[in-house]
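Protein chains get the first letters and strands the later ones, always in sequence-line order, with residue 1 at the start of each. No hydrogens, no waters, no symmetry mates; every other heavy atom, side chains included, goes into these values.
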Protein chains: 2
Amino acid sequence: MPTVRDVAERAGVSVATVSFVLNGTKPVTPATRQRVESAVAELGYRRNELARALASRRTRIVALAHPTGEHRFGSSTPDFVTSAGRAARSRGYHLVLWPVDTDGGELRELLGQGLVDGVVLMEVRMEDPRIGVLRTAGTPFALIGRTADPAGLVHVDIDFDRSVAIALDHLQKLGHRDIALVTARSPLPDYGPKVRTRAAYERLCAERGLTPQLYDCDPTAPAGRALVPELVERATAVVLMNEYATFGVLTGLAHAGYVVPRDLSVVAFMSPDMGALADPPLTVLHSPGPDLGRLGVEALIDQLEGTAPTEPALLPYVFEEGRSTARVRA
Amino acid sequence: MPTVRDVAERAGVSVATVSFVLNGTKPVTPATRQRVESAVAELGYRRNELARALASRRTRIVALAHPTGEHRFGSSTPDFVTSAGRAARSRGYHLVLWPVDTDGGELRELLGQGLVDGVVLMEVRMEDPRIGVLRTAGTPFALIGRTADPAGLVHVDIDFDRSVAIALDHLQKLGHRDIALVTARSPLPDYGPKVRTRAAYERLCAERGLTPQLYDCDPTAPAGRALVPELVERATAVVLMNEYATFGVLTGLAHAGYVVPRDLSVVAFMSPDMGALADPPLTVLHSPGPDLGRLGVEALIDQLEGTAPTEPALLPYVFEEGRSTARVRA
DNA sequence: ATGAAAGCGCTAACAA
DNA sequence: TTGTTAGCGCTTTCAT
């Protein structure tokens, strides 16, 4: 592996000059620039990022901190992680994966290693001890998700208000007024997406004069199935933020002789791919996962490079119409 | 951030000694070791991994190279990536994500940066140009998946022979002899898992005196649905290595008035979670994704540290019985 | 516009 | 057993 010295020698300049042309740090005569560039090309030189990091005190590595545990991600995570990786690469950064516990201990340990310039924090809790750790370490960070009070924190998240509004708009346009919401029981008492979705639903129902019907059930098919009698009794449409229960509801309906969307309109929070597995294909709201991953990384890097101050971005779930919703029956 | 020098001063020893106790590189008196350790604790010292990497010529960073493109991963990828990350961490390594094109160009570029000690290559093709790139760069690597001729390459992969055998054993024990296999049409002509699964199926059918019935259809529900007439006509059981088509087959059967498993036994290659979405819950073979991720990383690190020579590991899909298979009808 | 030289924080000969 | 010191390959003042 050739080094800057090899390049410098070959080009007949000093290593400083080589560095200047490589980084565009200082003006250099076109002639010498040319010489350096040929030397680089001829030797197949590629700068050692590690040495650069050490000397410049900027590693150009960022971490994606995600919970270690068995807490299952939303199904959009793969796109999520790889899109974060792509975003980092396209800005010339590397993305390392940091599986860390939620109390911040492991995070503190890793930050001490000085390997990364900043951290993207996933699966942010309403009160998240990892944020204190990042603050005291003085490490720049961006959140995917947000705390109870995210003011002043660089973050990107789903716009739950808009998302619920989109679902309600769609159903109300079809004449529905008895619209239930089903969320997933979760081990985390203060899981942001759920808390915010329920709050948005209640607020919007109040604004629109609808009677809220809130259900919270285990993320399993049987739990969804158990809901069916009450749903068909009380609602004409249901919004399901609970992937597994959704399929339980569907089979429950089928077994009881009900037909979707004739007897119940269904909107589900899940990927269109997954919604397509149902019969009929479901009208879905799907997570803008890849966008969130990309935006989270970009917000962090903008911050690191002191570019734009990066407004917090809130993206709604993306609506995709299937055939599981229909005009309410007279 | 304190440095080795601060620690050395505080402990009244040289930086070399500090390094020795930190790395266990050389014998040190219990007394001085003690002094160094207290100094470390008191100062909250944590070694700068970057500097260590540069000086020791070992970065303790490994890359997970995965295809950039829109090629959709098997659904087990999230576990996969995070388990790789965990495995790396538990050995004291960092894992960086490298989204790279399949022709190896970007990989070569990244290797030149000298950031990583080795690479875990995902989604390996039967003929994979990235392997040549890694070889000429002299970078150690491990494959997840394998080339057409994987002899001599460190790799872990699914044992397709065993997997198909498990499926056939199960169905034959239930009396089935007309067992179809459905794979997914793919843009990659030589997609290893598919090629190997089909080959295993044909070989095992021959050995067992069964008549092979091979289908290859698009990975969509409608494509699966279109298969139904022929399947019920010719087979009593089907093995589906095509997630989306599986659900098409199921709805197709339901719409035509057939009942699973009475009229057709179904074994699907998918996660149990996904299989549970179907009605009845499917008997599945699911990818040992997390194990593959972990083993791939471990095989690479073993190689880097010159530990065990690491035998190639072949793991079968994991069988999980649902209620979609039954004894063949008389 | 270019060069000399002092580090970045650590490891690892080599000496003592 | 411990210390001295020369790097690792690069960036970045500070001179010129």
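Classification of E109(B) and R46(A) as a salt-bridged pair holds, one side-chain N sitting under 4.0 Å from a carboxylate O. Salt bridge R47(B)/E49(B): present, at least one basic N to carboxylate O contact under 4.0 Å. Between D117(A) and R60(A) there is no salt bridge, since no side-chain nitrogen of the basic residue lies less than 4.0 Å from a carboxylate oxygen of the acidic one. Ion pairing between R10(B) and E42(B) holds under the 4.0 Å rule for side-chain N and carboxylate O. Taking a cutoff of 4.0 Å between a charged side-chain nitrogen and a carboxylate oxygen, E305(A) and R91(A) qualify as a salt bridge.
At a threshold of 4.0 angstrom between heavy atoms, the contacts of V18(B) with the nucleic acid are absent. If you check every strand for non-hydrogen atoms under 4.0 Å, R5(B) touches nothing. Residue contacts shown for T29(B) are limited to sugar-phosphate atoms, with no base heavy atom under 4.0 Å away.
Of the side-chain N and O atoms in S14(B), one or more sit less than 4.0 angstrom from OP1 or OP2 of dG3(D). Using a 4.0 Å cut-off, some side-chain N or O of T17(A) falls inside it from OP1 or OP2 of dG3(C). OP1 or OP2 of dT2(D) sits under 4.0 Å from a side-chain N or O of T32(B). A sub-4.0 Å separation between OP1 or OP2 of dG7(D) and a side-chain N or O of R57(B) is absent.
Rounded to an integer number of Å, the gap from CG of N48(B) to P of dC10(D) is 17 Å. The interatomic distance linking E49(B) (CD) with dC8(C) (P) rounds to 19 Å, in whole Å. The CZ-P distance, from R58(A) to dG9(D), rounds to 22 Å in whole Å. The separation between E9(B) atom CD and dT4(D) atom P is 12 Å, rounded to whole Å. Nucleotide dA13(C) holds its C1' atom 15 Å from the CG atom of N23(B), rounded to whole Å. Atom CZ in F20(B) sits roughly 9 Å away from atom C1' in dG3(D) (whole-Å rounding). As a whole-Å value, the separation of L43(A) CG from dG9(D) C1' is 15 Å. Rounding to whole angstrom units, CG of residue L22(A) and C1' of dG9(D) are separated by 12 Å.
If you check dT11(C), dG9(C), dG9(D) against the side chain of S19(B), the one that comes closest is dT11(C). In the set dG9(D), dA12(C), dC10(C), dA12(C) carries the atom at the smallest distance from any side-chain atom of A16(B). In this structure, the nucleotide among dT12(D), dG7(D), dA12(C) sitting nearest to the side chain of T25(A) is dT12(D).
Both K26(A) and L54(B) sit near DNA chain D, but only L54(B) has its closest nucleotide nearer the 5' end. In terms of position on DNA chain C, the residue among V15(A) and P27(A) whose nearest nucleotide sits closer to the 5' end is P27(A).
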